[in-house]
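Read through the structure below, which is laid out as structure tokens, and then see the notes.
Remember, it's a predicted structure, so these values are computed and weren't measured experimentally.
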Amino acid sequence: MQVYLTGGRCGSMDFVDGLANLGVGLSPEACKQTCLVSPSCKFVSLTMLGGCTSFSNCATTREKTDSITWEKITVGLNTTSTEATPELSSTTPTTTPVDSTPYGRMVRHIPAGGQCKATTSTGQQQMVGEPGDLGRDVTVEECLENCRTDRGCAFVEFAMYFEEGLGSCSKFLACDEIQEASGLLGLVFVFKKVAEGSFDSPQWMMHCPQGAVLTTGCMSEKLYDEVTESVHELMRSLSSECNTEVCEQADFAGCVLRLAGHDFMDFDPVTGTGGADGCTDMGHGNNAGLSECLYLGLEGPDGHSVTLQDAYVQFCHHVSLADFVVIAAEAAMSMRAVGASQALLAQQFKADFRYGRTTAFQGCQFSALALPDPAESCVAVEKVFVDALGLDWEMAAALMGVHTLGRVEPRNSGYSGWWSTPEHSRRFNNDYFVSMLAKGWCPELDVNGCSDADAAMGTCSKKNQWQRCDVDREANNQAHEMMLNTDLCLAFRDRSGGDGILRSGEDNCCTWVHSFVPTFDMTEVIRANDGTFCNVACDGSHPEIKNGSTFECFSQGKEQQTAEIEACCFFETERADCRTSGIGAASLAPGGPAEEAVLRFASNESAWIAAFRKAWKQAVTVNAFGEAPTGVLKPLGICQ
């Protein structure tokens, strides 16, 4: 099956046996597989409500914005189609491309411990044959390959025997209903087959028994509160344990914010398309890991997992996924805020929220390519945040503050570590900016292990980042704190004499600031960093750093200047310091493009929240939808 047209279906004269003759409530995979095994089905259309309709041909087409249509083709042949092309108004014969990898690839479908039901509650047969029909006593790799090369296998279940590494492999036509795995089995894993290079819209992955709406018709303050509370309930169910290995609250909140950000960062100011429309290519490598908080589940040590699907299913018949994702992100931020900021953020988000976003499920296949590449440093920040999203550098820095929640993992992005301590990484506060200035940072190269040969072949790209390099790093940095180029470039520039943009892969330098420069007051920053500066306590104890130098915060003596660079760049003192913020000497100024904003945000959390509110509103509401009162979105409670 290959996509024939989006936003439309074949004409009524070509029905095989009426609307939804192949079933209702089907997933895209189930609908396509049902057509594949039906001789009379040549084309098949699926609506967002899950209605699956077969057609004998597609000589005429009908525009249906909630539908997608596939054509059954013979794999391996050069097929020429004289039917209407995906452009609904076109009748010019065209050559239909054939998928060069018809068997596709296998991806995880549901968390471990769940399995597809053999037969759904409505009597739909999901299991193709008998248990173990794709092999018994096979490895998981063999099981996946057996499904990948079997045209009749859309999903595969691998049931591992206890402690043996082998298992039973069973194929399924669909997996619309799941159940908890039998206690007689060991671990159970379910995978689905997707086409190589396929486009996976978030809406197609979400289940809505009542039928999902694409546009929210009306939203009251009460409904907004109920959606928010449903996300809060998910987060409260997560463990509060937070250490160097696991922090469920940080991982879930960070994933939700990353999902919302990857949604709105594809806004194109020229065409006015993209933005917070609930659509991004979930199959693209830049979005790796987002499925876990969306519908797969982020599993903790106790096996407990939650997904946004758990909350979305309660409101999907009233609230569009595009609106829901924005509210979910706001709920995560307000709940993880600290002290008075928690109630303030919740109140401000609710006051600023506008509903009416229409969920897109087509046309954003290439949206992931619009995301900023950390390797490009502030060039990427300017291209995406300033030029595309319409933010100034202060608002761009404020929006980057979402990195205060969560972490980066090699399996998702190739980068590794936390932007701060694990405990701070589950709190929505200004510690991201505090860490940027109150700690020393040096390059950490090739963190993903990409060899020079593989990089030259294009099979991988080297990932370079920044790591803590201040005194007692090993004792105080077990969590491996890190920063990306797109983070540190906001406050620092290079010392190479090039374009001045900081890049870890090119700049052999250490980023740090002095504590004593009057024009770059670090007093509040150090206080917010638990009274420490580059891992040294500012308590008047005058500790010895190295070579006999003693440390005293805010002292302007020559010995103190030496002690500060030795403390902040303890492991990298052979490197030059990056163009240091706050020195004031003409040869070292200016710093990064958002240097003053970073200092202000690190010193005053309220200042950051005020700027963040403005930037967030621009990103999720103004862009693509317009500003009130002429914008297309409506305030809560206004339904006409």
Side-chain angles (χ1 to χ4, degrees), residues 393-394 397-398 400-401 403-404 419-421 424 429-442 466 468-473 476-477 481 483 487-493 495 502 509-543 545 549-570 572-573 577-609 611:
W393 278 103
E394 177 182 80
M400 289 286 287
H403 284 167
T404 192
W419 277 279
S420 185
T421 64
H424 274 296
N429 59 19
N430 66 335
D431 196 70
Y432 166 77
F433 303 102
V434 172
S435 293
M436 201 180 297
L437 299 181
K439 301 169 184 178
W441 304 94
C442 288
W466 299 80
R468 291 280 297 272
C469 64
D470 41 23
V471 65
D472 291 336
R473 178 178 67 189
N476 296 283
N477 193 33
E481 295 178 50
M483 289 276 172
D487 300 313
L488 287 183
C489 73
L490 297 171
F492 299 94
R493 287 185 178 268
R495 286 292 299 275
L502 191 68
C509 61
C510 169
T511 75
W512 64 290
V513 302
H514 273 307
S515 69
F516 55 79
V517 178
T519 56
F520 202 84
D521 189 356
M522 287 287 292
T523 305
E524 294 302 321
V525 181
I526 292 173
R527 181 179 289 117
N529 198 44
D530 298 324
T532 66
F533 178 63
C534 290
N535 261 339
V536 181
C538 296
D539 57 5
S541 59
H542 300 182
I545 305 302
S549 61
T550 59
F551 193 96
E552 181 180 0
C553 294
F554 312 118
S555 172
Q556 298 187 37
K558 184 174 182 179
E559 181 177 321
Q560 169 64 12
Q561 296 181 31
T562 301
E564 286 195 343
I565 190 171
E566 288 179 347
C568 296
C569 305
F570 188 85
E572 303 291 352
T573 52
D577 61 280
C578 305
R579 189 173 295 175
T580 304
S581 299
I583 296 299
S587 61
L588 300 179
E595 173 188 28
E596 293 182 1
V598 170
L599 175 62
R600 187 165 61 257
F601 299 157
S603 303
N604 187 332
E605 183 173 292
S606 295
W608 167 57
I609 288 178

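Contact annotation: the side chain of Asp470 never approaches that of Phe533 to less than 4.5 Å [non-hydrogen atoms, C-beta and beyond]. Looking only at side-chain heavy atoms (C-beta outward), Trp512 and Glu564 come within less than 4.5 Å of each other. Contact check for Leu502 versus Trp466: side-chain heavy atoms found under the 4.5 Å cut-off. Within the 4.5 Å cutoff, no side-chain heavy atoms of Arg468 are placed close to those of Phe570.
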Handout entry: Derivation and outcome, side-chain contact (heavy atoms from CB on, under 4.5 Å), residues Lys439 and Asn535
Key = CA-CA 7 Å; Lys439 301 169 184 178; Asn535 261 339; over 6 Å; no
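Although no hydrogens or angles enter the test, the distance criterion places a donor-acceptor pair under 3.5 Å between the side chain of Asn430 and the main chain of Ala602.
The SG atoms of Cys553 and Cys538 are placed within less than 2.5 angstrom of each other. Taken as a pair, Cys534 and Cys568 meet the criterion of an SG-SG distance shorter than 2.5 angstrom.
Shown here are the side-chain contact (heavy atoms from CB on, under 4.5 Å) partners of Ser603, two or more places apart in sequence or in another chain: Glu524, Val525, Leu599. For Asp431, the side chain to side chain donor-acceptor pair (under 3.5 Å) partners at least two apart in sequence or on another chain are Ser420, Ser435. Taking Asp521 as the reference, Thr523 meet the side chain to side chain donor-acceptor pair (under 3.5 Å) condition, with sequence neighbours excluded. Qualifying side chain to side chain donor-acceptor pair (under 3.5 Å) partners for Trp608, counting only residues two or more places apart in sequence or in other chains: none. Legend: residues meeting ring pair (Phe, Tyr, Trp, His ring centres under 6.0 Å) with His424, ordered by chain and number and at least two apart, are absent.
Taking the six-membered ring where tryptophan is involved, the planes of Phe433 and Phe601 are perpendicular, since the angle between them exceeds 60° and thus also 30°.
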